[in-house]
Amino acid sequence: MKDEIFDIETDINIDRLAMLARFTLSAEERASLSEVLKKMADYTYPRILSEEKALPFSFVCAEELCREDEPQRISEEQRSIMLSGCPSLSEDYVTVPQVINGEEE
Amino acid sequence: MKELISLNLRQHVEGLAKKEYSAEELTRAYLQRIEDTASINSFVTLNAEGAIKSAKEADVRRLSGRPLSAIDGIPYGAKDNICTKGIRTTCSSKMLENYIPPYDATVIERLSAAGAVLIGKTNLDEFAMGVSTESSMFGTTLNPLDLQRVAGGSSGGSAAAVAARQVPFTLGTDTGGSIRQPAAFCGVVGMRSTYGSVSRYGIVSFSPSMDIAGAVTYNVADNALITSYLCGKDVKDETSFSLKGDICAQIGSDIKGMKIALISDIPDGAVSPEVKRAMDLSVERLRELGATVESISLRHAMSAYAVYCAISCAEASSTLARFDGVRYGFRAKGYEDLDSLYRRSRSEGIGKEVKRRILFGTMVLSSEYKSDLYENACNMRALIGHELCEALSRFDAILLPTAPTAAYEVGYSSMLSFEACSDDIFCALAALAGLPAISLPISENGSLPVGVQLMGAQCSEAKLYRIAAALEKGGEI
Amino acid sequence: MNKYEMTVGLEVHVELKTASKIFCSCPSAFGDKPNTNVCPICMGLPGALPRLNRRAVEYAVTAGLALNCSISEISYMDRKNYFYPDLPKAYQISQYDVPLCYDGYLDIGDDKRIGITRIHIEEDAGKLIHDKNGDTFIDYNRCGTPLIEIVSEPDIHSAEEARTYLKKLRSILLCLGISDCKMNEGSMRCDVNISAKPKGQIENGVRTEIKNINSFSFVAKAIEAEFARQTALLDEGKVIYRQTRRYNAASGKTESLRSKETAEDYRFLRDPDLLPVKVSREEIERRRKELPTLPHERKAIYTQSLGLSEYDAEILSADVGLSNLFDKCAELTAHRKTLANLLLGEILRLSSEEEFSCPISAEHIAGIADLCAEKEINSPTAKKLIARLWAGESRTPAEIVDGEGLRQIRSRDILLPLAKEAIAKNAKSVEDYKNGKSNALRALMGYIMSRTNGLAEPKTAENLILELIK
């Protein structure tokens, strides 16, 4: 475990994070977000460190109640509200631009 | 009709039962009030026609002597991240500006089953991320007690609507304080009950291990009444369970001999003078009421906000990934391929604050930082949970501030650095451990109210309401 | 002789045959109209929450036990985060660090054991259809179909071993009745992890993953092709990159699927929407007891108790439908060898290749076996009976035989004059036989057969001829 506030300056790869989260950032956003992420990490990291290893803690009181394997369709009304909200529907298919995969090396 | 809107929920329960007025009259009165006080910007969508129709149906039931429940015909507002069938549910985000859910959230179903009348949807910080409702695409909700100030957040619309007497109660959601902090800012009562006691089905998720819906009301007794309708095991939510017993039952009983803890680890500078004063006043009143108040040390308490940041952002980065412009919601124009469809839709459809949290959460979970940030945060969360549970096995409740300050001026928080705007430092504790906590206003001659909160052991709602009701009454003396 | 050796591990995805999906109540069906078996949960609508289907867990535990795994009494559901249009929530609910089943194995030969690292449960994604105009059409019907992923140890060292492993795995899963295992419908799919290294080298080479192969023969071909690609690179002294590839059946080659720049980081986390998956000790033991007799156990019974050949037993036991039918028939007739011949011959020939099925009742098949073994009918008649019964004939085999006079003629009194006639009319063949051409007997037998419409019992007829010309 690292015992000092870790240096994130050189490590934060804002472009990679934006790629993983599927955002395009303006130059301004890149700069300000890099800075704020660093601040958040600098604030967070030292405060969550502990030498102590906690025993498991569950904040969930739920009793177990598994679903039985019984099929049930939603109503046609619900289905039509659901599909009508789709930005591009073609003959009940949701459509997007061609998924590209398989570029030859 | 001014009189009608000045009554509280329990008074309406009585008024309707005695047929002093009809649900339709009541609903029209509140709709008028909403129109008259529209400048606070608490509602984002009104359901006026639907509400009047529901109210008329409630009146028919009343007349035939078969009301669905005590609250049959009473209007309410619901935070706009709670799904309502056929009524747009926006989360105050461009991403869902025109989104119409095909189903009702379980809390809405439960209130409908009791006959309550949905009057409209209330404003919030985008996707419930924020403490001032300033990140809403519909603009900031103003504090009805002082229009220069914010109503808090993220359930700012819900708190302001109750404070402005636009409805007798609203539903909010609380992830790290989003019911309690705006309730505190607006001088009303907000409760987050034990994690899982209220179904999350249909609540647009932000951090599913902490999210919960709850009620905002004028007073403690009203709050307990609504919460009793919201609670219950829901087969649609695996993490839900049913609270045993009547949570309203202890209200009115005294609190002599009860043991209340204060957290000694909160540094003096952590709260404003008026909050400090409100805490002192509360302690005084609790003692007057026969409770003992004692300071205890919770070593990890001041880490709660850091843990909350890491975990809630991590969960949000995953939970909000579904907003990708493919199946519903906003899809940007002018994309060239799938990647630009994703990136443009998300970049244009999601606001700055939410983006920041998603990116931080992405970082927290990324292979480079997961062990440092996510795993340590989970460990610390468990330490905090054990510590709180241990303390609450010895005490009936912990008393702590709801927020570090009273409501601040619009625009103030955006000038602050990330650390300084950590309004949730106190609220995060109950959220992390899944504990119930209620915020109630402590006001002193004319100044802005300040909220204090009482946090109890898991499933101790009935006792918390009892203590809160006593403290509230004490305030009236 | 190749100077390299391959190391292969397989990840097999199998759709479970539950009635509803793994996290919602939508029917889990194949071939319905697009986006009809969908709901807020499997479409990932805001606010919708998953609920685990208990039967999916039961099926996975059963698979784990049949594959000699340990079962976790508590395991967890995790989110695997990545964007793809077939994945509505932009994360797949799967199991990451604590799978439901672990540490198992599957024997694919007398001395070849393939380790099973783990079996976990997860949800399937939707289906993408690409058209020529540059659009992709998405059907979410398959979204949320329960899957188990069976991950093997890298214990496989040839394409043939991979194929055998898959066949054995499939026959076990079919025997358990938990999946259709139809590779052509995608209910069984395979990812191959493969690396090459110089023979004798201890350390494994850099591995690549070939995704989503949907037939046994493509798996074998993909392995051969990728091994050839890797060894060619090694020969040239080039670097092999760790990457995801796919098999192009048209070119017979593997090709790169994703560039390194967009490599995903799945950022696994426990799914807070779902409770830990609990399976009690008692339930595990109960399911262990309830396991059906598995193919390798059936094979042992067939060879050891029923005296079938290794070869017949292997084929019979590999297909659960065939094996079940054999077991049923074997209770009704003592002539198991004849029964095996009937099933593995004419009946297997008539059944479709994809899935064994047979419309003839066990009673009738056993009846035919009895008639055959007791020499009441000959094999052409047996074939004829099977064809008739397959086509829906309602009489019993014995009724057909008697009604149409199909019984073999075993009476020496009837056959003796015919044998004499055969000898008298085929002097040349008799001569040839006596000169050592045993083939010549055929002409004599042929004569008797043609005179009896093929119903003469061959052994009796042959004996008579031999007695007469000796």
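Within every chain, numbering begins at 1; the chains are lettered A, B, ... in the order of the sequence lines, protein sequences first and strands thereafter.
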Could you point out which residue of C:Ser20, C:Ser25, C:Ser28 forms a side chain to side chain donor-acceptor pair (under 3.5 Å) with A:Asp69?
C:Ser20

With a 4.5 angstrom heavy-atom cut-off, could you sort out which part of C:Val277 is near chain A: side chain, backbone, both or neither?
neither

Value rounded to 0.5 Å, distance of CG in C:Asn53 from CD in A:Glu68:
8.0 Å

Where on C:Ile22 is there a heavy atom nearer than 4.5 Å to chain A: the side chain, the backbone, both, or neither?
backbone

Can you establish whether the number of heavy atoms outside C:Phe137 located under 6.0 Å from its atom CZ is more than 12?
yes

Regarding C:Asp32 and A:Arg73, does a basic nitrogen lie under 4.0 Å from an acidic carboxylate oxygen?
yes

Can you tell me which portion of C:Pro40 sits under 4.5 Å from chain A's heavy atoms? Options are side chain, backbone, both or neither.
both

Chain A heavy atoms under 4.5 Å from C:Pro34: which part of the residue, side chain, backbone, both or neither?
both

Hey, what do you get for OG1 (A:Thr95) to CG (C:Leu128), rounding to the nearest 0.5 Å?
11.5 Å

Under 4.5 Å from any heavy atom of chain C - which part of A:Leu83
side chain

Turns out that what part of A:Val96 lies under 4.5 Å from chain C's heavy atoms comes down to both

Indicate the atoms forming the closest heavy-atom contact of A:Val60 with C:Leu275, along with that distance.
CG1-CD2, 3.7 Å

Interchain contact, A:Glu91 with chain C, by part (heavy-atom threshold 4.5 Å):
backbone

Which bit of C:Lys21 comes within less than 4.5 Å of chain A, counting heavy atoms only: side chain, backbone, both or neither?
backbone

Once rounded to the nearest 0.5 Å, what's the spacing between atom CZ of C:Phe83 and atom CG of A:Leu20?
9.0 Å

Note: C:Asp135 and A:Gln98 closest approach over all heavy atoms is O-OE1, 3.1 Å

Of the non-hydrogen atoms in A:Ile74 and C:Cys39, which two are nearest, and what is the gap between them?
CG2-CB, 3.4 Å

Testing the basics here: between A:Pro71 and C:Pro27, what is the closest heavy-atom pair and its distance to 0.1 Å?
CB-CA, 4.0 Å

One should read off an interatomic distance between C:Asn37 CG and A:Arg79 CZ, to the nearest 0.5 angstrom, of 9.0 Å

When the 4.5 angstrom heavy-atom criterion is applied to A:Gln72 and chain C, the contacting part is both

Between C:Tyr140 and A:Val94, which heavy-atom pair has the shortest distance, and what is it?
CE1-CG2, 3.7 Å

Measure across A:Tyr93 and C:Asp139 and return the closest heavy-atom pair with its distance rounded to 0.1 Å.
CE2-CB, 3.8 Å

Is it the case that over 12 heavy atoms from other parts of the model lie below 6.0 angstrom from the CD atom of C:Glu236?
yes

